[in-house]
Engineer: 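Below you'll find the structure I mean.
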Amino acid sequence: MAPSVAEVEKPTQPTPIEAAKAAGKYLLPPDPSYAYAKYVPYSEVVTETQPPLEYFDHVDPGSRADPAKPNLLTPEAKLHHLSPYIGTEVSGIQLSKLSKEGLDELALFVAERKLVVFRDQDLKDISPDEQVAFTKHFGVPHVHPLPMNVKDYPSLFATYRDDRGQGIANTLTQDRINYLGWHSDISFEKQPAGTTFFYILDGPEVGGDTLYLSTVEAYNRLSPEFKKLLIGLKAVHSSAPFDRVSYAQGSKLRRERVETEHPVVRVHPVTGEKSLYVNSSFTTHIVGFKKEESDALLKFLYDHIAKGADYQVRASYRPGTVAIWDNRVTAHSIVPDFNNKFRRHHIRLTPQVEKPIPATEP
């Protein structure tokens, strides 16, 4: 007698990380003398396009945090605020040694300060498995549609530039007169990034910084009437720019192009702050607007964001630096202003979080 449908065991669908592990190649031949050669970007051979990522439940760890942050801001911690609206530099704390309570408080602290730069960290020297486990405290480790990661670890996204390879930023901006590309990471996903980690493996002594800005303060500067206009609007975010990057590096994307609608003004789930959630890198148009209307509104918002020097900061990197920002309330841009004879090599740990919460009132 044939088994019933209920008795037939359905094949287990691979997770995005399992699906991404396959044969591939290093995008650049690793230099055996380089201490972090195993972290040079590796591109798996994508034999079958994976389906879009699905929704999942998420509770932000910052919601569990003690507002006083006793497990994070210990007596040994030294803080230097970079500006009133965004950015704090911290020393005297080792991220890899924080307790679960300390990590919860870290999520809250980063949400409040938008960007926190930690010095003298050992995150780069703990194992890749430990780094993945660290990321999971803050959300689901994101596997980028562009296969450019540490070998066997698709969620450890590797950025690399030297005289043998121009890097993502240069590929995307090579036909422009400057390299600025303000964006929020993976804003095209159904559930984009939250508390995001970026640590240096190697870099030039001068240059290769990152610009960050507060999209909360950018929203706050708008007039009450203009805020009313934005509430309820949605914009489409697309992964299309990575079609160009994958073509340039001779690889195939893991997933088909992703296009997702998100609110133009979103609310942070823990702080309750409202922020502008559009960016010139991934946002394509305003839903329901005609092209000229959408272009005009987005151009105004992009210009407003980019010209807000009083709510922007510049973060520099030296050995042991880890920059952490909350992608829900910030935008950033690399500054590839250094000679290609110098190597710039970083790893990004990118946890996905909740579906953006729309603001319902100004």
Side-chain angles (χ1 to χ4, degrees), residues 85-86 111 114-115 169 172-173 175-194 196 210-244 257-269 271-313 325-334 353-362:
Y85 304 113
I86 178 173
K114 285 48 176 189
L115 164 72
L172 293 176
T173 59
D175 55 354
R176 289 164 35 191
I177 61 174
N178 70 66
Y179 295 138
L180 284 184
W182 291 105
H183 64 283
S184 175
D185 293 315
I186 63 167
S187 67
F188 48 81
E189 297 288 17
K190 296 176 182 176
Q191 291 177 254
T196 303
T210 306
L211 293 171
Y212 295 89
L213 62 83
S214 168
T215 51
V216 170
E217 187 58 23
Y219 174 76
N220 289 341
R221 297 295 177 88
L222 299 174
S223 68
E225 291 304 313
F226 200 86
K227 289 177 182 177
K228 290 178 184 178
L229 169 67
L230 300 182
I231 298 300
L233 294 182
K234 294 182 179 180
V236 172
H237 297 243
S238 174
S239 65
F242 292 110
D243 296 349
R244 180 175 178 178
R257 181 182 297 179
V258 180
E259 294 192 340
T260 309
E261 292 182 8
H262 291 311
V264 171
V265 182
R266 68 181 296 179
V267 179
H268 194 281
T271 66
E273 290 185 307
K274 301 179 182 70
S275 62
L276 289 176
Y277 198 61
V278 294
N279 66 83
S280 58
S281 295
F282 301 128
T283 307
T284 60
H285 63 278
I286 303 294
V287 177
F289 278 31
K290 292 186 176 180
K291 183 179 186 306
E292 293 86 353
E293 297 166 342
S294 174
D295 290 350
L297 179 56
L298 287 175
K299 183 180 186 306
F300 169 80
L301 293 175
Y302 297 159
D303 287 349
H304 169 56
I305 289 170
K307 293 175 181 177
D310 51 334
Y311 46 85
Q312 297 176 10
V313 294
W325 63 95
D326 193 324
N327 262 299
R328 293 167 287 200
V329 290
T330 60
H332 61 278
S333 175
I334 183 179
V353 291
E354 75 285 343
K355 178 182 176 180
I357 302 168
T360 57
E361 57 183 15

Engineer: So, for Val267 and Gly272, which heavy atoms are closest and what is the spacing to 0.1 Å?
Structural biologist: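 Taking every non-hydrogen atom into account, CG1-O, 3.7 Å.
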Engineer: Cut-off 3.5 Å, no hydrogens considered: what does the side-chain donor-acceptor table look like for residues 355-362, sequence neighbours left out?
Structural biologist:
none

Engineer: Once rounded to the nearest 0.5 Å, what's the spacing between atom OG of Ser223 and atom CG of Leu229?
Structural biologist: 9.0 Å
Engineer: What distance do Thr210 atom OG1 and Trp325 atom CH2 have between them, rounded to the nearest 0.5 Å?
Structural biologist: 6.5 Å
Engineer: With rounding to the nearest 0.5 Å, note down the distance linking NE2 in His183 to OG1 in Thr330.
Structural biologist: 9.5 Å
Engineer: Can you tell me how far the OG1 atom of Thr196 sits from the NE2 atom of His332, to the nearest 0.5 Å?
Structural biologist: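 Thr196 atom OG1 to His332 atom NE2 measures 7.5 Å (nearest 0.5 Å).
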Engineer: Please list, chain by chain and in numerical order, all residues satisfying side chain to side chain donor-acceptor pair (under 3.5 Å) with Gln191, sequence neighbours excluded.
Structural biologist: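 With neighbours one apart ignored, the set is empty.
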Engineer: Can you sort out the partners of Ser333 under side chain to side chain donor-acceptor pair (under 3.5 Å), two or more places apart, ordered by chain and number?
Structural biologist: none
Engineer: Can you tell me how far CD1 of Ile305 sits from OG of Ser280, rounded to the nearest 0.5 angstrom?
Structural biologist: 8.0 Å
Engineer: Is the shortest heavy-atom distance from the side chain of Leu276 to the side chain of Leu222 under 4.5 Å?
Structural biologist: yes
Engineer: Mark yes when over 12 heavy atoms from residues, nucleotides or ligands other than Lys234 sit less than 6.0 Å from its NZ; otherwise mark no.
Structural biologist: no
Engineer: Please examine the side chains of Ile86 and Val329, heavy atoms only from C-beta on, and report whether any two atoms are closer than 4.5 Å.
Structural biologist: no
Engineer: Kindly indicate whether the side chain of Phe300, heavy atoms from C-beta on, has any atom under 4.5 Å from the side chain of Asp303.
Structural biologist: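 Not in contact.
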Engineer: Applying salt bridge (Lys or Arg N to Asp or Glu O under 4.0 Å), run through Lys299 and Asp295 and close with a yes or a no.
Structural biologist: CA-CA 6 Å; Lys299 183 180 186 306; Asp295 290 350; over 6 Å; no
Engineer: Can you list every pair that meets salt bridge (charged side-chain N to carboxylate O under 4.0 Å, His left out) and has a residue in residues 178-189, with sequence neighbours left out?
Structural biologist: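 Counting only pairs at least two positions apart or across chains, the salt bridge (charged side-chain N to carboxylate O under 4.0 Å, His left out) contacts touching residues 178-189 are Asp185-Arg348, Glu189-Arg255.
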Engineer: Can you list every pair that meets salt bridge (charged side-chain N to carboxylate O under 4.0 Å, His left out) and has a residue in residues 210-221, with sequence neighbours left out?
Structural biologist: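 For residues 210-221, and leaving out neighbouring residues, the salt bridge (charged side-chain N to carboxylate O under 4.0 Å, His left out) pairs sorted by first residue read Glu217-Arg221, Arg221-Asp310.
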Engineer: Donor-acceptor pairs under 3.5 angstrom involving side-chain atoms of residues 281-290: please list them, not counting sequence neighbours.
Structural biologist:
from, atom 1, to, atom 2, distance (Å)
Ser281, OG, Trp182, O, 3.2
Thr283, OG1, His237, ND1, 3.4
Thr283, OG1, Asn279, N, 2.9
Thr283, OG1, Asn279, O, 3.1
Thr284, OG1, Val236, O, 3.3

Engineer: Please round to the nearest 0.5 Å and tell me the distance separating atom CD of Glu259 and atom OG of Ser238.
Structural biologist: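 One finds 4.0 Å between CD of Glu259 and OG of Ser238.
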